[in-house]
**Student:** 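What follows is a single structure, and I will ask about it in a moment.
Whatever order the structure lists them in is the order used to number ligands and atoms, beginning at 1.
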Amino acid sequence: MSPSRRGADWLVQDTSPADVFTPERLSEEHRLIAKTAAEFVANEVAPALAELEKKNWTVARKLVARAGELGLIGVDVPEDVGGIGLDKAAAVIVGEAVGEAASFATTFGAQTGLAIIPILCFGTPAQQQKYLPRIVSGELIGAYCLSESGSGSDALAAHAKAVKQADGSWLLNGEKMWITNGGFADIFIVFAKVDGEHFSAFVVERGFPGVANGKEEHKMGLHGSSTTPVVLQDAKVPADNLLGEIGKGHKIAFNVLNYGRFKLAAMCTGGARGTIAEATQYALGRRQFGQPIATFGAIRHKLAEMSIRLYAVESMLFRTTGLIDEMIAAKPSEAPEGAKEGKVVAAALEEFALEASILKVASSEMVDFVVDENVQIHGGNGFVADYPAERRYRDARVNRIFEGTNEINRLLIPGILIKRGTKGGLPLIAAAKAVRDELMTVAPPEASAGVGVLDAETRIAAALRKTVLVAVGLAMETWGESLQQEQEALMSLSDLMIEAFSAESATLRAAHAVASSSPAAALHVDAATVICHDAGLRAEAIARTLLGSMLTGDAQRTALAGLRRVLKVPPSNTVAARRRIADAITGKRGYPFSQ
Ligand SMILES: Cc1cc2nc3c(=O)[nH]c(=O)nc-3n(C[C@H](O)[C@H](O)[C@H](O)COP(=O)(O)OP(=O)(O)OC[C@H]3O[C@@H](n4cnc5c(N)ncnc54)[C@H](O)[C@@H]3O)c2cc1C
């Protein structure tokens with residue numbers, strides 16, 4: 001694999017299937033970890049769910065400690081602070097396994113991502129040694145206090161205040177809202193403004209005077225996870241517990257979110273996989289009109305579509321994981337002397353922030369679709385609490401809200417791209433101009449079904465990248481600096497980028513399956529075919545709306561003609577492809593890829 005890839009460069013640079021990490025390329029060690037994690041969830045977490053839903057936090061603590069004992073909390077944490085020191089791929093597969101139990105996954109996610117990452121990436125060696133081994137072992141429970149009732153998306157507008165005392169310690173005042181693990185956490189990463197001005201972070205222990213949590217929220221879902229306000233009333237925090245620098249809290253908050261978004265995608269893919277198995281088994285067992293409902297085309301279409309959407313997100317997730325791991329592995333030798341591993345991790349997460357936002361949006365919307373179709377496949381039984389379909393449906397909804405709402409992430413995606421293109425060395429403008437010139441001078445080759453396997457899909461994926469480049473270039477030209485106020489356009493650009501990344505990642509994964517003569521290669525090709533075909537059609541509609549909103553008259557007609565030339569989606573029998581995937585699903589009684 002090439003260690004030289006940068007965030008967002010897939011848009012301006014071709015990628016070879018050999019350079020892409022996929023679930024099929026997991027090592028034996030990864031598979032063993034996945035097995036350990038899956039067994040822990042099935043044998044220990046799932047049976048405890050009823051107790052967790054009664055808000056029995058003693059049980060939650062025990063489960064976290066057990067996860068620590070099995071090495072699952074610190075799988076990607078360096079060994080010198082109590083972890084196992086493996087790569088992010090290992091963390092992703094643990095996240096996937098835990099994602100099958102959404103309430104516990106939320107507790108676990110707050111522990112691994114929200115509590116460990118700030119201290120690992122921004123803590124002093126003394127803070128790391130003091131807190132990390134005990135959080136990694138599950139002895140201490142962590143929580144992350146960024147949001148307030150008046151500042152959720154606009155997190156930097158927090159009112160919580162920190163004032164330095166004569167002895168160097170800090171007095172914190174404020175109220176944080178919706179804090180995961182709030183009811184039983186021991187350690188809180190708290191964001192507050194020094195003197196009401198400089199956004200900063202602190203490690204706050206429950207035992208410090210003036211720290212308390214409020215009542216449990218009555219939530220739509222995730223009843224087995226604790227969510228409370230955290231109240232700081234003249235909370236006395238020692239000088240040593242300032243995390244990072246005064247006024248640099250935003251760096252901590254944003255990097256933690258980058259990791260959280262990436263890990264959330266793993267939890268969503270894991271949850272979707274379990275849901276597809278549940279839907280399949282129900283559809284095979286439930287008989288109507290004298291036959292299992294799994295034999296009806298309408299239901300088979302649903303099962304196939306659920307799996308295809310999961311395949312697309314999984315392909316993006318593992319591709320990004322590979323990129324992050326390559327960057328982390330390549331860095332230590334180049335990093336300035338004394339650079340700590342946490343800093344290298346933070347840099348890699350920041351590098352792939354755009355991909356993390358794509359993953360957050362795509363995975364949360366994919367799992368919402370999957371749990372919704374699961375309810376539909378269950379019919380009336382899907383609407384009653386006797387079946388897990390109802391809980392899955394409620395539990396999934398919050399994924400579109402936390403870790404930055406999907407609207408905020410959709411604003412970030414083109415925002416990061418344009419920033420990298422104008423100030424960050426990504427040759428975006430040149431690439432957009434090259435595509436425009438190509439469209440003005442030579443007609444691109446006719447998109448045909450192609451003679452080779454995945455030819456058509458490869459062309460559609462390339463055409464989607466070109467569509468993004470043309471659309472971003474035109475939007476920058478049309479609106480200039482004020483593009484950031486054109487939210488509808490930014491949403492469209494973001495959607496185009498998600499379609500492009502998804503289609504290309506799925507095609508590269510399928511190409512790798514073909515090149516490695518996988519017995520499932522034909523099924524991978526079917527998935528990539530449907531993903532590219534449908535992404536192409538959706539992208540056309542999005543791009544037409546976008547072009548219509550920014551151009552008029554001749555300019556609009558020329559741009560639409562260019563769009564028709566670049567984005568040609570050849571006809572394809574996606575019904576037959578979905579039927580073959582549905583056969584594989586019912587044959588395997590669940591998601592047919594990567595297990
Ligand atoms: C179960 C649960 C657990 C949570 N856990 C934690 C935790 O552990 N720690 C923590 O700090 N927080 C946590 N949160 C809070 C969560 O991060 C916030 O709810 C989230 O960031 C959204 O903020 P908000 O609720 O204030 O919504 P708002 O910011 O008020 O947003 C409302 C709507 O407006 C949209 N919107 C807002 N700003 C813009 C804009 N500029 N442009 C376009 N649209 C916009 C949003 O997308 C959304 O649709 C949790 C929340 C829940 C529900």
**Student:** If the threshold is 4.0 Å, N to carboxylate O, is there a salt bridge linking K88 and D325?
**Tutor:**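 Answer for the salt bridge query: no.
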**Student:** Run the side-chain contact (heavy atoms from CB on, under 4.5 Å) check on E205 and V211 step by step: do they pass?
**Tutor:** CA-CA 8 Å; E205 297 181 19; V211 180; over 6 Å; no
**Student:** Under 4.0 Å between a side-chain nitrogen and a carboxylate oxygen: does that hold for E407 and R410?
**Tutor:**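 No, this pair does not count.
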**Student:** Just to check, does N181 reach to within less than 4.0 Å of ligand 1 when the distance is taken from its heavy atoms?
**Tutor:**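 Contact check N181 vs ligand 1: negative.
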**Student:** Between K193 and E148, is there a side-chain N and carboxylate O pair less than 4.0 Å apart?
**Tutor:**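 Salt bridge: no.
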**Student:** Within the 4.0 Å heavy-atom shell around T405, which atoms of ligand 1 are there?
**Tutor:**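 Those of ligand 1 that fall under 4.0 Å from T405 are 22 (C), 46 (C), 47 (O).
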**Student:** So which protein heavy atom does atom 45 (C) of ligand 1 come closest to, and at what separation?
**Tutor:**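 The answer is I408 CD1, 4.3 Å.
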**Student:** Run the salt-bridge test on D534 and R309 with the 4.0 Å N-O cut-off and return the result as yes or no.
**Tutor:**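 No.
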**Student:** Using heavy-atom distances only, which candidate in S151, G152, G113 approaches atom 23 (O) of ligand 1 most closely?
**Tutor:**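 The residue whose heavy atom sits nearest atom 23 (O) of ligand 1 is G152.
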**Student:** When rounded to the nearest 0.5 angstrom, what is the spacing between CD1 in I189 and CZ in F122?
**Tutor:**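 Going from CD1 on I189 over to CZ on F122, the span is 11.5 Å.
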**Student:** In the protein, which heavy atom is nearest to atom 20 (C) of ligand 1, and how far is it?
**Tutor:**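 Here the closest protein heavy atom is I401 O, 3.6 Å.
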**Student:** Quick test: of every protein heavy atom, which one is nearest to atom 53 (C) of ligand 1, and how far off is it to 0.1 Å?
**Tutor:**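 So the nearest neighbour among protein heavy atoms is V398 CG2, 3.5 Å.
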**Student:** For ligand 1, which atoms sit closer than 4.0 Å to a heavy atom of Y144?
**Tutor:**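 Those of ligand 1 that fall under 4.0 Å from Y144 are 7 (C), 8 (O), 9 (N), 10 (C), 11 (O).
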**Student:** Hey, what's the ring geometry for F254 with H250, parallel, tilted or perpendicular (30° and 60° as the breaks)?
**Tutor:**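 Rings of F254 and H250: perpendicular, over 60°.
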**Student:** Heavy atoms only: which of F191, W178, F402 is nearest to atom 5 (N) of ligand 1?
**Tutor:**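 Minimum heavy-atom distance to atom 5 (N) of ligand 1 goes to W178.
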**Student:** Please check if the distance between the ring centroids of F188 and F202 is under 6.0 Å.
**Tutor:**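 No; F202 has its ring centre 6.0 Å or more from that of F188.
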**Student:** Output the list of atoms in ligand 1 that are nearer than 4.0 Å to some heavy atom of E407, sorted by atom number.
**Tutor:**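 Numbered from 1, ligand 1 contributes 46 (C), 47 (O), 49 (O).
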**Student:** Would you mind listing which atoms of ligand 1 come within a distance below 4.0 Å of any non-hydrogen atom of L411?
**Tutor:**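 Near L411, meaning under 4.0 Å from one of its heavy atoms, ligand 1 has 42 (N).
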**Student:** Under 4.0 Å from any heavy atom of Q487, which atoms of ligand 1 are there?
**Tutor:**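 Answer, ordered by atom number: 40 (C), 42 (N), 43 (C).
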**Student:** Going by the closest heavy atom to atom 3 (C) of ligand 1, which one wins out of L114, T180, I189, N399?
**Tutor:**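 Heavy atom nearest to atom 3 (C) of ligand 1 belongs to T180.
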**Student:** Taking 4.0 angstrom as the limit, do R538 and E499 come out as a salt bridge?
**Tutor:**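 E499 and R538: salt-bridged.
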**Student:** Only one of R394, R392, R400 clears salt bridge (charged side-chain N to carboxylate O under 4.0 Å, His left out) with D368; which?
**Tutor:**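 With D368 as partner, R394, R392, R400 yield a single salt bridge (charged side-chain N to carboxylate O under 4.0 Å, His left out), made by R400.
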**Student:** Between L146 and ligand 1, is there a nitrogen or oxygen pair with a distance under 3.5 Å?
**Tutor:**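 Yes, L146 has an N/O under 3.5 Å of an N/O on ligand 1.
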**Student:** Do me a favour and list the nearest non-hydrogen protein atom to atom 37 (C) of ligand 1 with residue, atom name and distance?
**Tutor:**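 Sorting protein heavy atoms by distance from atom 37 (C) of ligand 1 puts S153 OG, 3.5 Å first.
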**Student:** Given W57, which of K62, E51, E216 fulfils the side-chain contact (heavy atoms from CB on, under 4.5 Å) condition?
**Tutor:**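 Among the candidates, only E216 passes.
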**Student:** Using a distance threshold of 4.0 Å (strictly less than), state whether atom 33 (C) of ligand 1 has a protein heavy-atom neighbour.
**Tutor:**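 No, no protein heavy atom sits under 4.0 Å from atom 33 (C) of ligand 1.
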**Student:** Who gets closest to atom 11 (O) of ligand 1 by heavy atom: A253, S147, A157, G150?
**Tutor:**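 Among A253, S147, A157, G150, the closest heavy atom to atom 11 (O) of ligand 1 comes from S147.
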**Student:** Atom 30 (O) of ligand 1: protein heavy atom closer than 4.0 Å?
**Tutor:**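 No.
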